[in-house]
Trainee: 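What follows is a structure written as structure tokens; I'll ask about it next.
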Amino acid sequence: MVRALASQPVATAIVDGEVVAATPAGVPSFERLQQRMNLVAESKVEQAEIEYPVAYYAFDLLYVDGVKIERAPLWQRKEMLCRVLDFGEVVRLVEPIASAGREIFRALVASGLEGMVAKRRDSPYLPGKRSPSWLKIKAQQTADFVIGGFTPGQGRRASTFGALLLGEYDADGKLQYAGRVGSGFRDAQLEEYRALLEARRRKRSPFAAPVPDTQGETYVRPNLVAEVEFAERTSAGQLRAPVFQRLRPDKAAHEVLQSGAEESSPATTPAADFSGQAVDALLAQLDRGGAALTLVVDGESLPVSNLGKEMWPAYEDAPPVTKRDLLRFLIRLSPQILSQLRDRPLTLTRYPNGIAGKMFYQKQWDQPRPSFVETVSIYSEENEGASEYLLCNNLGTLLWLGQIADLGFHTALARVTPGPDAINQSTEFAASRAAVIDSVLNYPDFLLFDLDPFVPAEGETASVKNTLTREGFAKSAQVAKWLKSTLDSIGLRAFVKTSGSSGLHIFVPIVRNLDYVAARAAQETVAKLVVAAHPRDVSMDRGTRAGKVYIDLNQLGRTRSLASAWSPRAKPGAPVSMPLRWEEVGEADPLAFTIWTAEQRLRRSGDPWAGILEAKQDIRALLG
DNA sequence: GAACTGC
DNA sequence: GCAGTTCAACGCCCC
DNA sequence: GGGGCG
Ligand SMILES: [Mn+2]
Ligand SMILES: [Mn+2]
């Protein structure tokens, strides 16, 4: 190899590349390379050269004959690299592949390769730096393993366990050690599994050979099966980057045989978004320290930065919410949030410097974006043409929104997709204003009653404001109940959530056969009944609202948007717009629903808004 | 927060 | 290279 | 009708 490089037709050049050793099957292996690099004696190297043929794969050129070119765009550096070096058996060129990234990735995973590096065509060379322009995309694997024991935990986990010792049965029916897994467990799981392990505890190791690199381990009867995700198996029988997914009570231990690993899909599937496994794996990634890191979400890379930045300052008893805290919240609540955002054009409320800093709204996104972020092309009056609007249809996008400091998720009340309740409208939005008017985007899924109590004066202390908020909320709750009984009396089912401060949002899911104008007229009819019954407490007119609750019908419009259920709000204390059961209206404290408490609330009370889109009602029939 | 624009 | 700019779209109020 | 505010 040294000979091949020395005979190049160039005086001086700095080339970046990798020495690669092919296995007999032709699949490059990082491990074989390391073996080869550990050989130092010259004779051994020569012998190895024959046994393990190696090649130098050049992929970048930084310097050639006195000229630094590291700032030139990648495609130019590649072009020069081609011209500068002679390529042959030993020195090879890493050929760029300009398109079809997903197809290539699938093919490479299928052939057992580790992953690939995606680079922007126009990116400069950044030595040793993580860059959003260069993304390492890994193939993830999952497999089932028999649990043969556990290691003691440290610190907070001293009372449970550190890692599970994993094994697989070989052809002789012997349990062979296959590595360990210590991350991906929720606190509750640690306790639960420790109890399961305790019940199976035994003196003798179930493994055929001693377990390497452990001390103080406890062995168990090998009849529990765990599903584990990992990046790679090393030949020493370890797993690289293993993350626990779940127990497999449905699988018998004797079914766990060696070399049964299955590839997971790199694509974003709804199943992956909504599985607890994806959630646990991501939380484990985020728990690695540092102000910046690259998350792997469903096989795609997402760089995140400024993880320690306070997006919400400390408020009353609650600690500040950092960007890392926000991302954790988004991961944990992702099934709820995503179900509310799906297929609805977004309005971002962005606070790059936290809620105290300058904010801006953003709807159109004509900039570069991660490949998993979906957009839809919609005609915009302002632009006199189509622009790209963002959709949040997967976990990666949700976390990306967190990264770009979108602290409140506002959506349209109409979706971009048709359905059994909207079969005649088009899904063509780009051509003209008229096209949008004729499309599903002009047909909302809900009537929306936005109840805004009159809350006097700004500039008070936090505790005075909280009192005023609670008083305002009590009035909203009263009006909400009156509104509900009115809706009940005409046979309409409604859903209610807190707005995130003192107001309430009441949604009535409807069949999409009324456009925004007709829907607004329908809810005006209902609202007038409530105002007529309680004129001293309710108003539909901003001017005469002092001391009353204002029913704001303006929020239902084609170009309007509203904070979604389960969305955080960019207000002090990091409140969350929380779905309520009707029995809770009047009792609930809206300030108690925050980024810190939302998950516990979900686990305890469930999601009162789950299935809201399956509760649609045909009010056109009702209106006659 | 990130891309683009203009000096 | 670095500073500055941009990032919705309403109703409402006031001039 | 336009500018500023939220
Ligand atoms: Mn409101
Ligand atoms: Mn309002």
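Protein chains get the first letters and strands the later ones, always in sequence-line order, with residue 1 at the start of each. When reading the values below, keep in mind they use all heavy atoms of this one structure, side chains included, and skip hydrogens, waters and symmetry mates.
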Trainee: Measure CD/A/Gln362 against P/C/dA9 and give the value in whole Å, please.
Mentor: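 The distance from CD of A/Gln362 to P of C/dA9 comes to 11 Å, rounded to the nearest Å.
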Trainee: Please pick, from C/dC10, B/dA3, C/dA8, the nucleotide with the shortest atom-to-atom distance to any side-chain atom of A/Lys363.
Mentor: C/dA8
Trainee: Between A/Gln364 and C/dT6, does any side-chain N or O lie under 4.0 Å from OP1 or OP2?
Mentor: no
Trainee: Of all the nucleotides listed (C/dA9, C/dC7, B/dA3), which has the minimum atom distance to the side chain of A/Phe360?
Mentor: C/dC7
Trainee: Rounded to whole Å, how long is the line connecting atom CZ of A/Arg560 with atom P of C/dG11?
Mentor: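 Distance, rounded to whole Å: 7 Å.
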Trainee: In whole Å, what is the span from the CD atom of A/Glu382 to the P atom of C/dC10?
Mentor: 9 Å
Trainee: So if I apply the side chain to side chain contact (heavy atoms under 4.5 Å, CB included) rule between A/Pro509 and each of A/Ile612, A/Leu613, A/Leu492, which one comes out positive?
Mentor: A/Ile612
Trainee: Can you tell me, in whole Å, how much space there is between the C1' of C/dG11 and that of B/dG1?
Mentor: 30 Å
Trainee: Is A/Lys358 close enough to C/dC7 that one of its side-chain N or O atoms is under 4.0 Å from OP1 or OP2 there?
Mentor: no
Trainee: Could you state the CE-P distance from A/Met359 to C/dT5, rounded to the nearest angstrom?
Mentor: 20 Å
Trainee: Given C/dC10, is OP1 or OP2 found less than 4.0 Å from the side-chain N or O atoms of A/Thr559?
Mentor: yes
Trainee: Assess the residue pair A/Asp445 and A/Arg415 against the criterion (salt bridge (Lys or Arg N to Asp or Glu O under 4.0 Å)); give the C-alpha distance rounded to whole Å, side-chain angles, the decisive distance to 0.1 Å, and a yes or no.
Mentor: CA-CA 8 Å; A/Asp445 285 298; A/Arg415 284 174 291 162; 2.9 Å; yes
Trainee: Can you confirm if the aromatic rings of A/Trp400 and A/Phe372 lie within a centre distance of less than 6.0 Å?
Mentor: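 Centroid distance A/Phe372-A/Trp400: not below 6.0 Å, so no.
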Trainee: Select one nucleotide: of C/dG11, B/dA3, B/dG1, the one nearest the side-chain heavy atoms of A/Asn554.
Mentor: C/dG11
Trainee: In whole Å, what is the span from the CZ atom of A/Arg558 to the C1' atom of C/dA9?
Mentor: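 Spelled out: CZ on A/Arg558 to C1' on C/dA9 is 11 Å.
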Trainee: Rounded to whole angstrom, note down the C1' distance from C/dA9 over to B/dA3.
Mentor: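 These two C1' atoms come out 23 Å apart once rounded.
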Trainee: Could you check whether the rings of A/Trp482 and A/His534 sit parallel, tilted or perpendicular, using 30° and 60° as the cut-offs?
Mentor: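 Judged by the thresholds at 30° and 60°, the geometry between A/Trp482 and A/His534 is parallel.
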Trainee: Using atom NE2 of A/His410 as one end and atom P of C/dA9 as the other, report the distance to the nearest whole Å.
Mentor: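 Roughly 15 Å, once rounded to whole Å.
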Trainee: Find the distance A/Leu562:CG to C/dC10:P and express it as a whole number of Å.
Mentor: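 Roughly 16 Å, once rounded to whole Å.
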Trainee: Using side chain to side chain contact (heavy atoms under 4.5 Å, CB included) as the criterion, point out the one residue from A/Ile355, A/Val321, A/Asn466 that pairs with A/Tyr315.
Mentor: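 Result for side chain to side chain contact (heavy atoms under 4.5 Å, CB included) with A/Tyr315: A/Asn466.
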Trainee: On a whole-Å scale, what distance lies between the P atoms belonging to C/dC7 and D/dG4?
Mentor: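 Each nucleotide's P atom is 16 Å from the other's.
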Trainee: Mind calculating the distance between CG (A/Leu348) and P (C/dT6) to the nearest angstrom?
Mentor: 19 Å
